[in-house]
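One is the number of the first residue; the rest follow in order along the sequence. Atoms within a ligand are numbered from 1 in the order they appear, just like the ligands themselves. Remember, predicted model here, so these are calculated numbers, not experimental data.
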Amino acid sequence: MIGIFDSGFGGLTILKAIRQRLPQYDYLYLGDNARAPYGTRSFDVVYEYTWQAVRYLFSEGCQLVILACNTASAKALRTIQQRNLPAVWAEEQGYQEGVLGRHRVLGVIRPTVEALSGYTRTGHVGVLATEGTVLSDSYPIEIAKLYPHITVHQQACPMWVPLIENGEADKPGADYFVSAYLSRLLAADPLIDTLLLGCTHYPLLLPKLEAFLKTCPQWQAVNGRLLSQGSIVADSLANYLLRHPDIHATCSRGGTTTYLTTESEQRFSDSAAIFLGHSISASHVELN
Ligand code: DGL
């Protein structure tokens with residue numbers, strides 16, 4: 001089974017693209033909706049919550065876990081990879097040496113940055129993300145490593161995830177915050193021709209983002225593009241599995257998806273159905 005984790009509903013945008021690309025595998029989705037949003041939480045808290053979730057997915061039989069959350073990828077991935085895998089957790093759980101060596105945790109920031117070069121013509125990129133991701137500077141740092149010629153401007157959008165988690169993404173109230181954050185970012189650099197949605201929740205605002213950008217002469221002049229992460233992460237996972245036959249061998253192939261949430265099962269199932277376009281049934285879990 002492949003584990004997919006997000007603070008809430010956002011990772012469903014990644015799951016959907018992964019399932020379209022790789023329908024043959026079994027997936028276990030975990031949304032920590034009860035504690036979302038993560039975007040304004042401290043490094044230590046995001047790490048702690050993320051590691052609890054990853055441990056849970058491991059204990060349910062996932063050997064490969066995707067952090068389908070930029071905030072967790074920015075603030076927890078490196079620590080989990082360096083501190084928790086493989087030694088400490090394996091010992092705690094009484095695993096024999098070497099067993100945890102097959103467990104992997106992957107994030108979404110690096111694959112997104114790797115895919116970026118094909119998109120910008122002006123060399124000016126805007127990143128829309130949570131406060132946590134912006135403050136971590138993960139995107140500017142990773143982009144500078146691969147493409148030193150690209151200029152990056154970031155905009156934190158702290159109201160977007162609460163709007164989405166509370167089912168307000170398509171309501172008129174969301175318009176103000178869409179326009180406020182996009183205007184600020186485009187005013188900071190009129191040459192931006194690529195806007196990266198650096199939070200997996202944000203594709204749920206796509207209709208409103210596109211509608212606003214249609215009214216921006218500056219954006220139309222550079223023939224700008226909005227970039228979501230779903231298909232990028234799905235391609236990157238397919239490629240990863242090809243390059244790692246040992247991990248590939250641990251992924252069961254039943255074509256199933258199971259949904260877990262730390263919030264109410266009903267609330268998750270209802271909202272997830274809207275995101276995915278079909279009904280699902282979720283189970284409640286406690287993380288600690
Ligand atoms: N989907 C998460 C991300 O990509 C949302 C963060 C949050 O919970 O604030 O960053």
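At least one N or O atom of Gly39, backbone or side chain, sits closer than 3.5 Å to an N or O atom of ligand 1. Distances between N or O atoms of Thr130 and those of ligand 1 include no value under 3.5 Å.
Residue contact check: Asp6 has heavy atoms under 4.0 Å from atoms 1 (N), 2 (C) of ligand 1. Close contacts between ligand 1 and Cys69 involve ligand atoms 2 (C), 3 (C), 4 (O), 10 (O) [criterion: under 4.0 Å to a heavy atom]. In the vicinity of Thr71, heavy-atom distances shorter than 4.0 Å reach the ligand 1 atoms 3 (C), 6 (C), 10 (O).
Between Tyr49 and Tyr38, the ring planes lie tilted relative to each other; the angle falls in the 30° to 60° range.
Close placement of the His248 and Tyr25 rings is indicated, their centers lying within 6.0 Å of each other.
At most 12 non-hydrogen atoms from other residues, nucleotides or ligands lie less than 6.0 angstrom from CZ of Arg225. When the shell of 6.0 Å around CZ of Arg121 is examined, it contains more than 12 heavy atoms from other residues, nucleotides or ligands.
A donor-acceptor contact closer than 3.5 angstrom is absent between the side chains of Ser7 and Asp32. No side-chain donor from either of Asn70 and Thr133 sits under 3.5 Å from a side-chain acceptor of the other.
If you look at Ser7 next to ligand 1, the close heavy atoms, those under 4.0 Å, all belong to the side chain.
The nearest heavy-atom contact from the protein to atom 7 (C) of ligand 1 is Tyr38 N, 3.2 Å. If you check which protein heavy atom lies closest to atom 5 (C) of ligand 1, you get His201 ND1, 3.3 Å.
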